[in-house]
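This report refers to the structure that appears directly beneath it.
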Amino acid sequence: MSKKVRVRFAPSPTGGLHLGGVRTVLYNYLFAKKHGGDFLVRIEDTDQSRYVAGAEEYIFDTLKWCGLEPDESVQHGGNYGPYRQSERKESYRQYAEQLVKDGYAYYAFDTPEDLEKMRHDFKTDNNPSPQYDHTIRMKMRNSLTLSSDETQKLLAAGTRHVIRIKMPENETVSFTDMIRGEVKFETSLVDDKVLLKADGMPTYHLAVVVDDHLMEISHAFRGEEWLPSAPVHILLWKYLFGLENMPQWAHFPLILGPNGKLSKRDGAKYGFPVFAMNWNDPKTGELTEGFKEKGFLPEAFLNLLALLGWNDGGEQEIFSMEELIEKFSMERVHSAGAKFDYEKAKWFNHEWIKKSGVGSLESGVKTLLSQNGVTVSDDVLLEKVIELVKDRCTLLPDFVQHSSFFFKVPETLDVDAVKPKWNEDKKNFFVVYTEKLQTATEWNAIELENSFKELATEKNIKPGELQLPFRIMLVGGKFGPPVFNIAELLGKEETVIRIKNALLAF
RNA sequence: GGCCCGUUCGUCUAAGGGUUAGGACACCACCCUUUCACGGUGGUGAUACGAGUUCGAAUCUCGUACGGGCUACCA
């Protein structure tokens with residue numbers, strides 16, 4: 001048997017991809033790349049009633065933005081297709097039938113109403129949600145309670161039915177989770193999960209086992225919410241393909257919101273994104289904001305996700321993708337859930353913006369500026385501006401505030417910030433300063449500052465009291481990089497014009 | 001209710017029997033800067049509780065409490 005590392009991300013295309021989903025992709029990807037293996041994406045679309053237009057496309061767009069490209073998928077091809085479970089429909093039934101034949105599963109003819117009635121009838125205070133398990137399966141309509149003749153007749157008549165796994169009554173199923181160690185379950189406490197639905201589609205339980213086998217998956221990673229159904233999957237592996245061929249499992253801790261499992265509602269309520277990219281629900285028309293549109297760099301997004309549940313044991317927090325691949329190990333993934341901290345997420349982004357080269361920021365900033373009505377005609381200037389202001393930008397849109405005025409005359413001047421302390425002396429200072437500027441031969445921040453301070457001393461005014469007015473003149477408000485740097489990049493002509501115009505307004 | 005997983009500063013975490021329990025985010029103070037940041041220095045702040053094992057426990061065991069997940073012909 002091939003020992004090649006092969007891992008998969010198996011999303012259900014029902015909506016936007018949230019934080020936890022992307023982290024699952026990331027850990028899969030890191031593990032695969034670290035071990036020279038394959039990372040594939042398999043679309044789990046066996047529930048046709050939950051089909052959402054565009055969701056599959058969205059998933060791949062998200063992976064592309066993150067730079068987590070699969071080796072095999074619907075879009076990338078591969079030798080283990082189809083990579084969409086709905087297209088593999090025909091392959092599942094035989095396995096379910098085989099299980100029935102071997103006595104590990106059975107046909108069940110109960111209608112949805114029957115099931116509802118069962119849940120109602122058996123509901124007690126001590127058992128608020130009765131399960132279809134060994135204690136009640138003999139009270140239902142299935143091939144265990146029906147004679148074989150009756151069963152055959154029903155099947156021949158095309159009666160709607162499902163196939164359920166017959167959980168053993170007194171077995172302990174255990175497996176070793178790469179993160180949690182040994183996990184045990186008593187089979188008598190697990191219900192008879194449906195394996196094959198009435199429409200002929202497999203449930204997740206059957207599909208995940210069959211496809212992991214067919215696709216030769218070596219390690220199966222998923223979120224902790226799957227842990228309770230693990231015994232079903234272990235048993236299916238045992239019955240169908242042999243425990244010795246089963247992939248190694250790891251269940252990732254959940255990413256929690258302020259109130260437990262993170263939901264997109266939390267994002268709306270607490271003001272931070274939950275999805276990787278904007279998701280526009282075609283059914284409700286509701287738009288859910290994504291990290292991308294909020295102004296996160298993919299490198300930062302991945303970095304913060306990687307650290308949410310994993311660390312390399314040292315004190316490093318900023319990791320490039322290459323470093324993550326090199327240092328990642330499943331053993332160092334935490335077993336406890338992690339509460340998402342948006343403040344820290346922003347810190348990661350800020351660090352990445354500071355760390356990023358001007359070149360990698362340029363097109364994004366340019367787009368953002370143009371979206372805000374600022375046209376950049378001088379790319380060289382833009383590059384200088386980005387270099388100058390990036391340290392004060394936490395999210396990409398911050399660039400708009402900190403750099404628009406380099407390309408566009410401020411629409412309004414914060415006159416109120418100046419007026420209270422404005423006087424004729426100061427006005428006179430700027431009139432003279434303007435004259436000096438016009439004859440200046442050296443145009444750079446240091447020279448500008450020197451002559452500014454010289455003149456201030458001459459006029460007996462504290463330079464500090466003149467800097468804020470100067471800033472308002474050039475920028476319009478109390479923000480932006482050091483004022484003399486601004487003047488330098490603005491150039492002589494523009495600087496002089498802005499001072500003169502402002503003098504009229506003050 | 002049952003089952004499963006978990007529990008170190010507010011948050012993310014380090015410390016795999018012996019440390020003044022370390023770092024980061026956030027917060028506070030000071031410095032730098034008379035825009036705001038960046039940066040620098042310092043500070044507040046945690047082993048849920050109770051037993052046990054041990055010379056010695058945040059670390060191992062058990063119990064309790066608390067938190068989370070699952071409990072669909074959804075994934």
Side-chain angles (χ1 to χ4, degrees), chain A residues 10-14 44-47 49-50 85 108 110-112 115-116 119 123-133 160-164 177 179-180 183-186 188-191 193-205 207-208 222-231 251 253-254 256 259-261 304 307-318 331 334-348 350-351 354 389-394 398 401-402 414 417 462-468 470-472 475 477-483 486:
Chain A
S12 175
T14 53
E44 307 248 350
D45 58 347
T46 56
D47 186 358
S49 70
R50 294 215 304 164
Q85 288 183 330
D110 317 277
T111 64
L115 294 175
E116 203 178 312
R119 289 189 188 107
K123 183 173 178 173
T124 63
D125 285 348
N126 282 335
N127 187 10
S129 41
Q131 304 190 104
Y132 200 122
D133 62 15
R160 282 178 74 83
H161 65 278
V162 302
I163 293 179
R164 286 180 181 272
D177 186 281
I179 296 170
R180 292 151 212 281
V183 184
K184 289 182 184 176
F185 300 86
E186 294 304 323
S188 61
L189 298 169
V190 181
D191 63 329
K193 294 265 187 254
V194 170
L195 302 178
L196 199 73
K197 299 187 260 189
D199 64 2
M201 279 286 193
T203 58
Y204 172 84
H205 307 295
V208 71
R222 70 221 312 190
E224 187 185 345
E225 71 269 27
W226 289 105
L227 213 38
S229 56
H251 292 85
L254 263 15
L256 279 0
N259 299 307
K261 199 177 179 181
L304 73 93
L307 274 282
L308 215 47
W310 171 87
N311 73 86
D312 80 333
E315 287 177 356
Q316 184 177 352
E317 303 230 52
I318 302 299
E331 290 69 31
H334 250 254
S335 49
K339 198 173 290 181
F340 177 66
D341 180 357
Y342 188 50
E343 293 306 318
K344 185 135 190 188
K346 285 192 289 191
W347 174 79
F348 273 108
H350 193 183
E351 291 300 308
K354 286 193 285 178
V389 307
K390 64 177 186 164
D391 281 6
R392 44 205 359 120
C393 296
T394 298
D398 294 343
Q401 152 120 187
H402 289 295
D414 185 356
K462 284 183 190 163
E465 290 187 20
L466 295 162
Q467 278 193 37
L468 183 65
F470 192 27
R471 167 175 300 281
I472 303 293
V475 175
K478 290 190 275 187
F479 50 85
V483 68
I486 295 172

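Proteins come first, then strands; the chains are lettered A, B, ... in the order of their sequence lines, and each starts at number 1.
Comparing A:Ser335 and A:Ser49 by the nucleotide of RNA chain B that holds the closest heavy atom to each, the one mapping nearer the 5' end is A:Ser335. Toward the 5' end of RNA chain B, the nearer of the two residues A:Pro228 and A:Pro112, judged by each one's closest nucleotide, is A:Pro228.
Nucleic acid contact class of A:Arg160 (heavy atoms, under 4.0 Å, all strands): none. Across all strands shown, A:Lys462 has heavy atoms under 4.0 Å from base atoms, whether or not it also approaches the sugar-phosphate. Counting non-hydrogen atoms under 4.0 angstrom, A:Gln467 reaches the backbone sugars and phosphates but no base. Here A:Gly223 lies out of heavy-atom contact (under 4.0 Å) with every strand. Among the heavy atoms of the strands lying under 4.0 Å from A:Arg119 are primed sugar atoms or P, OP1, OP2 only; no base atom is included. Within 4.0 Å (heavy atoms only), A:Pro482 reaches at least one base atom of the nucleic acid. Within the nucleic acid shown, A:Pro481 comes within 4.0 Å of at least one base atom, counting heavy atoms only. Residue A:Ala198 is in base contact, counting any heavy-atom pair closer than 4.0 Å across all strands shown. Backbone-only contact: A:Val183 has heavy atoms under 4.0 Å from sugar-phosphate atoms and none from a base. Note on A:Gly480: a base of the nucleic acid sits closer than 4.0 angstrom, heavy atoms only. Residue A:Thr46 is classed as a sugar-phosphate contact, given heavy-atom separations below 4.0 Å to backbone atoms only. As judged by a 4.0 angstrom heavy-atom cut-off over every strand, A:Ser129 is placed among the base-contacting residues. The residue A:Ile472 sits apart from the nucleic acid: no heavy atom pair falls under 4.0 Å. Nucleic acid contact class of A:Asp110 (heavy atoms, under 4.0 Å, all strands): base.
As rounded to whole Å, 15 Å separates atom C1' of B:rG69 from atom CG of A:Asn259. For the pair A:Leu196 CG and B:rA72 P, the computed distance is 19 Å after rounding to whole Å. A straight line from CH2 of A:Trp310 to C1' of B:rA24 spans 14 Å, rounded to a whole angstrom. Distance CD (A:Glu331) to P (B:rG16): 17 Å, rounded to an integer number of Å. Put simply, CG on A:Leu307 is 14 Å from P on B:rA24, counting in whole angstrom units. The nearest whole Å value for the distance from the CD atom in A:Glu343 to the P atom in B:rC25 is 12 Å. In this structure, A:His334 atom NE2 and B:rA58 atom P are separated by 18 Å, rounded to whole Å. A:Glu317 places its CD atom 8 Å from the C1' atom of B:rC25, with the value rounded to the nearest Å.
At B:rU33, none of the side-chain N or O atoms of A:Lys478 fall inside 4.0 Å of OP1 or OP2 (strictly under the cut-off). Contact annotation: A:Lys193 does not reach the phosphate of B:rC73 (side-chain N/O to OP1 or OP2, under 4.0 Å). A:Lys197 has a side-chain polar atom (N or O) that falls below the 4.0 Å cut-off from OP1 or OP2 of B:rC74. Phosphate contact (OP1/OP2 of B:rG68, side-chain N/O of A:Lys339, threshold under 4.0 Å): absent. For A:Asn311 and B:rU13, the shortest distance from a side-chain N or O to OP1 or OP2 is not below 4.0 Å.
A salt bridge links A:Lys193 and A:Asp191; the closest N-O separation between the charged side-chain nitrogens and carboxylate oxygens is under 4.0 Å.
With a cut-off of 3.5 Å on both Watson-Crick or G-U wobble distances, the partner of B:rA21 is given as none. Nucleotide B:rC66 forms a Watson-Crick or G-U wobble pair with B:rG6, both donor-acceptor distances falling under 3.5 Å. Base pairing analysis places B:rA58 opposite nothing; no Watson-Crick or G-U wobble pair with both distances below 3.5 Å involves it. Judged by Watson-Crick or G-U wobble contacts below 3.5 Å, the nucleotide B:rA37 has no partner. In a base pair of the Watson-Crick type (N1 to N3 plus N6-O4 or O6-N4) or a G-U wobble (N1-O2 and O6-N3), with each distance short of 3.5 Å, B:rU47 is matched with no nucleotide. Across all strands shown, B:rC73 remains unpaired; no Watson-Crick or G-U wobble contact has both distances below 3.5 Å.
The base of B:rA24 sits within donor-acceptor range of the side chain of A:Lys344, with an N or O pair under 3.5 Å.
Counting only distance, with no hydrogens or angles, the side chain of A:Arg180 and the backbone of A:His251 share a donor-acceptor pair below 3.5 Å. Checking side-chain atoms of A:Asp45 against main-chain N and O of A:Gln85 turns up a donor-acceptor pair under 3.5 Å.
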- Take A:Arg119 and A:Glu116 through the salt bridge (Lys or Arg N to Asp or Glu O under 4.0 Å) test and state the conclusion after the steps. CA-CA 5 Å; A:Arg119 289 189 188 107; A:Glu116 203 178 312; over 6 Å; no
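Rounding to the nearest 0.5 Å gives a distance of 4.5 Å between CD1 of A:Ile472 and CG of A:Leu468.
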